[in-house]
Amino acid sequence: MITRSRISLATLAVAGTLTLALTGCSSAASSTDSSAADSEGGYAVDSETLVFGVVPDSVDTETNYQPLMDYIAQETGKTVEYHESTDYAALIEASIAGQIDVASFSGFTYVTATNNGAELTPISSIITAEGQEPGYYSEAIVPVGSDIASIEDMKGKKVCFVDPSSTSGYLFPSYNLIEAGVDPEADITPVFAGKHDVSVQKVGEGVECEAGFAEDSEVAKSDKVEVIARTMVPGAPIVESNTLPDDVKDKLREILSEVTADDIVAAGIDSADSDGFRSVFYATTPVDDEYYNQIRDICEATDATQCQK
């Protein structure tokens with residue numbers, strides 16, 4: 001049985017990061033940091049601007065979200081300012097501090113942020129194919145040709161995670177390791193890669209990490225790794241700040257609850273017709289706070305520090 005102290009110790013680092021994040025955010029967040037005191041009417045910056053926050057989970061994050069941000073700008077008549085923090089913890093702190101108006105989080109990031117006082121409400125989750133339910137896979141990966149054939153075989157190995165606040169890159173992997181009888185702290189050497197694509201890269205190289213975890217969309221891009229296990233996780237939410245004026249919140253829900261890539265193209269956002277955008281965005285489908293109870297259940301099972309209020 002995994003004890004409380006073992007799982008908590010594995011995540012103490014993120015608690016320190018959370019404490020320091022407001023003073024140590026990246027330059028990408030600096031404009032919102034400096035404007036917090038000047039925000040008006042519940043906006044992160046001002047009534048002409050919507051700050052769009054994202055989980056910094058791959059090198060292509062900004063490119064992937066640009067068509068959606070352009071669509072939000074067109075439909076609301078506001079400037080949409082891109083906010084990518086240095087890591088998940090910094091984005092959580094930015095949302096707690098009211099520096100985010102609308103965002104695409106991971107499920108675990110959303111639960112962590114709201115547990116710690118962020119005023120956010122889920123609108124929808126992105127799906128990547130017609131008829132798909134919201135959700136995606138956390139995949140356990142090894143270098144092609146590896147002798148590691150199961151999660152149980154990760155015991156004693158150097159294992160790549162993404163970030164201590166990543167749903168598919170840490171929370172679900174930790175739970176799966178526990179279920180396989182592997183202590184995420186004592187039985188492996190954890191390595192935090194920072195982004196999903198970097199986790200895949202490091203595992204493929206087989207030097208820093210002999211095995212690891214990442215979301216399926218990034219794993220699919222590599223021919224250097226193979227999947228040995230996968231778990232469906234709740235779809236990442238698009239969220240809005242509860243402090244925004246009601247008419248703005250209503251508009252965001254109207255345009256983001258159920259919109260397809262075709263709808264965005266029809267609205268005049270030509271970049272939404274690119275293969276790159278369509279590979280990560282087919283449509284959105286509505287979700288609510290209750291949808292993320294599975295994450296809360298796994299938080300309880302792993303006793304992860306980030307989950308605690």
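- Atom CG of D147 and atom CD of E210 lie 10.5 Å apart (nearest 0.5 Å).
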Stepwise side-chain contact (heavy atoms from CB on, under 4.5 Å) test for H196 and S166 = CA-CA 9 Å; H196 287 271; S166 171; 3.7 Å; yes
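- Between G42 and T243 the shortest heavy-atom distance is O-OG1, 2.7 Å.
- Cluster membership for I269 and L252, using ILVMFWY side-chain heavy atoms within less than 4.5 angstrom, is shared.
- No side-chain donor-acceptor contact under 3.5 Å links K158 to the backbone of V191.
- Of the residues Y170, F161, F172, the one that meets the ring pair (Phe, Tyr, Trp, His ring centres under 6.0 Å) test with F213 is F161.
- If you check the side chains of T260 and D263, you find a donor sitting under 3.5 Å from an acceptor.
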request  = Begin with the C-alpha distance, continue with both residues' side-chain angles, and end with the deciding distance and a verdict on side chain to side chain donor-acceptor pair (under 3.5 Å) for Q74 and D70.
outcome  = CA-CA 6 Å; Q74 175 175 291; D70 291 344; over 6 Å; no
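- V239 and V233 end up in the same hydrophobic cluster when Ile, Leu, Val, Met, Phe, Trp and Tyr side chains are linked at under 4.5 Å.
- Residues V142 and V225 are not in side-chain contact: their nearest non-hydrogen atoms beyond the backbone lie 4.5 Å or more apart.
- A donor-acceptor contact closer than 3.5 angstrom links the side chains of Y110 and D289.
- Taking CD of E152 as the reference point, atom CG of D187 lies at 12.0 Å (rounded to 0.5 Å).
- A donor-acceptor pair is defined here as one N or O able to donate and one able to accept, closer than 3.5 Å; such a pair exists between the side chain of Y292 and the backbone of G235.
- Qualifying salt bridge (Lys or Arg N to Asp or Glu O under 4.0 Å) partners for K249, counting only residues two or more places apart in sequence or in other chains: D246.
- Counting all heavy atoms, side chain and backbone alike, I264 lies closest to P67 at CG2-O, 4.2 Å.
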key: Pair S199-V162, side-chain contact (heavy atoms from CB on, under 4.5 Å): steps then yes or no   = CA-CA 6 Å; S199 181; V162 175; 4.2 Å; yes
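- Without hydrogens or angle criteria, E215 side chain to S168 main chain gives no donor-acceptor distance under 3.5 Å.
- Tested against F52 for a ring pair (Phe, Tyr, Trp, His ring centres under 6.0 Å), the candidates Y65, Y82, F105 yield a single pass: Y65.
- Not one N or O on the side chain of T49 forms a donor-acceptor pair closer than 3.5 Å with the backbone of D46.
- Legend: ring-ring contact (aromatic ring centres under 6.0 Å, His included) pairs involving residues 239-291, not counting sequence neighbours, sorted by first then second residue: F277-F281.
- For the pair V102 and V80, the minimum side-chain heavy-atom distance is 4.5 Å or more.
- Looking at heavy atoms from C-beta onward, M232 lies out of side-chain contact with D216 at the 4.5 angstrom threshold.
- Open room surrounds NZ on K155; 12 or fewer heavy atoms of other groups in view lie less than 6.0 Å from it.
- Side chain to side chain, D197 and Q201 fail the donor-acceptor criterion of an N or O pair below 3.5 Å.
- Contact check on K195 versus E84 returns a salt bridge, with a Lys/Arg side-chain nitrogen under 4.0 Å from an Asp/Glu carboxylate oxygen.
- Atom CG of D247 is surrounded by more than 12 heavy atoms from other residues, nucleotides or ligands within 6.0 Å.
- With a 4.5 Å cut-off on side-chain heavy atoms, L68 and L256 count as touching.
- By the 4.5 Å heavy-atom criterion applied to side chains, R278 and T128 are not counted as neighbours.
- Side-chain contact between V248 and K78: present, with at least one pair of heavy atoms (C-beta onward) separated by less than 4.5 Å.
- Interatomic distance, CG of L120 versus OG of S95, reported as 5.0 Å (0.5 Å rounding).
- Not a single donor-acceptor pair under 3.5 Å links the side chain of D273 to the backbone N or O of D270.
- Neither V198 nor V200 shares a network with the other; the hydrophobic side chains, linked directly or stepwise wherever heavy atoms of I, L, V, M, F, W or Y lie under 4.5 Å apart, form separate groups for each.
- Judged by distance alone, with hydrogens and angles left aside, the side-chain atoms of N293 form no donor-acceptor pair with the main-chain N or O of R296 at under 3.5 Å.
- Scanning all heavy atoms of the two residues, the minimum distance from G212 to M154 falls at O-CE, 4.1 Å.
- T79 is not listed as a side-chain neighbour of L50, based on a closest heavy-atom distance of 4.5 Å or more.
- Note that the OG atom of S174 and the CG atom of D303 stand 11.5 Å from one another [nearest 0.5 Å].
- Proximity of a side-chain donor or acceptor of T76 to a complementary backbone N or O of I72 within less than 3.5 Å is detected.
- Looking at every heavy atom in both residues, K157 comes nearest to I148 through CG-CD1, 3.9 Å.
- Under a hydrophobic-cluster definition in which Ile, Leu, Val, Met, Phe, Trp and Tyr are linked whenever side-chain heavy atoms come within less than 4.5 Å, directly or via other members, I228 and I188 are assigned to the same cluster.
- At distances below 3.5 Å, at least one donor-acceptor pair connects side-chain atoms of T167 with backbone N or O atoms of G107.
- Side-chain atoms of S257 come within 3.5 Å of backbone atoms of R253 as a donor-acceptor pair (strictly under, hydrogens ignored).
- Distance CG/L177 to CD1/I151: 6.0 Å, rounded to 0.5 Å.
- In this structure, E205 does not pair ionically with K202, as no charged nitrogen and carboxylate oxygen lie closer than 4.0 Å.
- Nearest approach of T109 to S106, heavy atoms of both residues: OG1-OG, 2.6 Å.
- Side-chain contact between Y71 and V259 is present, with at least one heavy-atom pair separated by less than 4.5 Å.
- Rounded to the nearest 0.5 angstrom, L91 CG and I96 CD1 are separated by 10.0 Å.
- Residues Y136 and V287 fall within the same hydrophobic cluster, defined by Ile, Leu, Val, Met, Phe, Trp and Tyr side chains chained together at heavy-atom separations under 4.5 Å.
- In terms of heavy-atom proximity, V203 sits nearest to C160 at CG2-CB, 3.9 Å.
- Defined by atom type and a distance below 3.5 Å, a donor-acceptor pair is present between the side-chain atoms of N242 and T121.
- Side-chain atoms of S165 never come within 3.5 Å of backbone atoms of Y88 as a donor-acceptor pair (strictly under, hydrogens ignored).
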